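By convention here, the first residue in the shown sequence is residue 1. As the structure is a computational prediction, the values presented were derived from the model and not from experiment.
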Amino acid sequence: AAVRAAAATCLTYGVSVYAIYYGYQGMVDGGENIKKLDWKDISNISQIGGTVIGSARCQDFRTHEGRLKAAFNLVKNDIDCLIAIGGDGTLTGANMFKQEWPSLLRELQASGQISEEAHAKHEYLSVVGMVGSIDNDMCGFSMTIGCDSALNRICEAIDALTTTAQSHQRTFI
């Protein structure tokens with residue numbers, strides 16, 4: 001729902017929107033992991049639970065070289081705004097990336113990987129953070145994205161097991 005809402009808002013206002021599959025790993029790897037979205041891509045994702053664009057721990061993004069690759073892939077795809085959906089690690093990574101962005105672009109330009117025009121066009125990186133965690137463990141938030149969905153699915157599973165246990169006159173533990 002968060003991915004759909006963010007994408008739908010961008011599309012409504014005529015802003016190009018991309019999904020970066022597998023989070024920071026997809027941003028570092030680039031290629032097919034960065035896909036431009038349109039209305040048909042998001043039309044049925046509200047019914048799908050979980051992370052429709054995938055999630056992955058990314059050791060590469062913890063390194064300067066990995067963040068440099070990620071910056072290159074964003075500039076290459078004409079992206080200068082990042083909507084980060086996740087918990088503490090995701091949001092900490094987004095903040096660090098935003099702070100390093102100017103120096104990363106200077107380095108990419110100095111090495112000839114991006115032009116002076118591309119550097120000027122993408123001088124700033126805007127970041128929006130959306131707190132998402134099925135654990136509901138972010139300080140200052142009463143309910144994180146994903147927590148309600150996870151709790152409802154747990155309740156549905158327990159209800160189904162209860163009915164099965166009753167039909168067999170048994171107790172399930």
Side-chain angles (χ1 to χ4, degrees), residues 1-61 66-98 101 104-105 108 113-115 117-136 138 141 143-157 159-160:
V3 170
R4 186 188 187 292
T9 300
C10 291
L11 292 170
T12 297
Y13 288 99
V15 176
S16 295
V17 62
Y18 294 79
I20 301 177
Y21 290 83
Y22 308 108
Y24 293 130
Q25 190 65 58
M27 197 163 38
V28 170
D29 294 343
E32 296 293 316
N33 293 308
I34 301 175
K35 179 184 174 203
K36 189 170 184 175
L37 299 179
D38 59 30
W39 286 105
K40 70 176 175 36
D41 296 313
I42 63 168
S43 64
N44 291 318
I45 65 173
S46 291
Q47 297 82 5
I48 303 169
T51 309
V52 297
I53 59 174
S55 177
R57 300 274 183 219
C58 182
Q59 292 301 319
D60 293 337
F61 194 73
R67 291 188 299 278
L68 191 64
K69 288 179 185 177
F72 172 78
N73 285 324
L74 291 188
V75 172
K76 178 181 170 184
N77 285 281
D78 203 25
I79 298 170
D80 56 14
C81 181
L82 185 63
I83 301 172
I85 306 169
D88 185 52
T90 299
L91 300 178
T92 299
N95 185 50
M96 179 177 30
F97 194 52
K98 179 179 176 48
W101 184 257
L104 293 170
L105 263 57
L108 288 169
Q113 294 179 68
I114 64 170
S115 67
E117 293 79 22
H119 183 178
K121 183 178 180 183
H122 299 287
E123 185 177 1
Y124 300 102
L125 177 68
S126 298
V127 175
V128 174
M130 297 174 71
V131 179
S133 169
I134 63 170
D135 302 332
N136 201 34
M138 288 293 287
F141 292 87
M143 185 72 70
T144 58
I145 295 169
C147 180
D148 184 64
S149 300
L151 290 173
N152 278 301
R153 292 198 181 224
I154 291 166
C155 289
E156 289 170 7
D159 288 345

F97 and V127: side-chain contact (heavy atoms from CB on, under 4.5 Å), yes or no, with the steps? CA-CA 9 Å; F97 194 52; V127 175; over 6 Å; no
Separation of [Y] [atom2] from [X] [atom1] (nearest 0.5 Å):
| X | Y | atom1 | atom2 | answer |
| --- | --- | --- | --- | --- |
| R4 | N44 | CZ | CG | 9.0 Å |
| I53 | D41 | CD1 | CG | 12.0 Å |
| I20 | I34 | CD1 | CD1 | 5.0 Å |
| R67 | F61 | CZ | CZ | 6.5 Å |
| I85 | M130 | CD1 | CE | 5.0 Å |

Do I42 and L11 come close enough that some side-chain heavy atom pair is under 4.5 Å?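 With C-beta onward as the side chain, the pair touches.
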Are the side chains of N33 and Y18 in touch, meaning some heavy atoms are under 4.5 Å apart?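 No, their side chains stay 4.5 Å or more apart.
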Considering all heavy atoms of both residues, which atom of S16 and which atom of K36 are nearest to each other, and what is their separation?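 Smallest interatomic distance, heavy atoms only, reads OG-NZ, 3.5 Å.
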Closest approach of G129 to L91 (non-hydrogen atoms, all atoms of both residues):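 Taking G129 first and L91 second, the nearest heavy atoms are CA-CD2, 3.8 Å.
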Enumerate donor-acceptor pairs with a distance under 3.5 Å from any side-chain N or O in residues 75-84 to protein atoms, sequence neighbours excluded.
residue	atom	partner	partner atom	Å
N77	ND2	N73	O	2.8
D78	OD1	K121	NZ	3.0
D78	OD1	H122	NE2	3.0
D78	OD2	K121	NZ	3.2

Donor-acceptor pairs under 3.5 angstrom involving side-chain atoms of residues 22-31: please list them, not counting sequence neighbours.
residue	atom	partner	partner atom	Å
Y24	OH	T90	O	2.6
Y24	OH	A94	N	2.9
Q25	NE2	D29	OD1	3.2
Q25	NE2	D29	OD2	3.2
Q25	NE2	D60	OD2	3.4

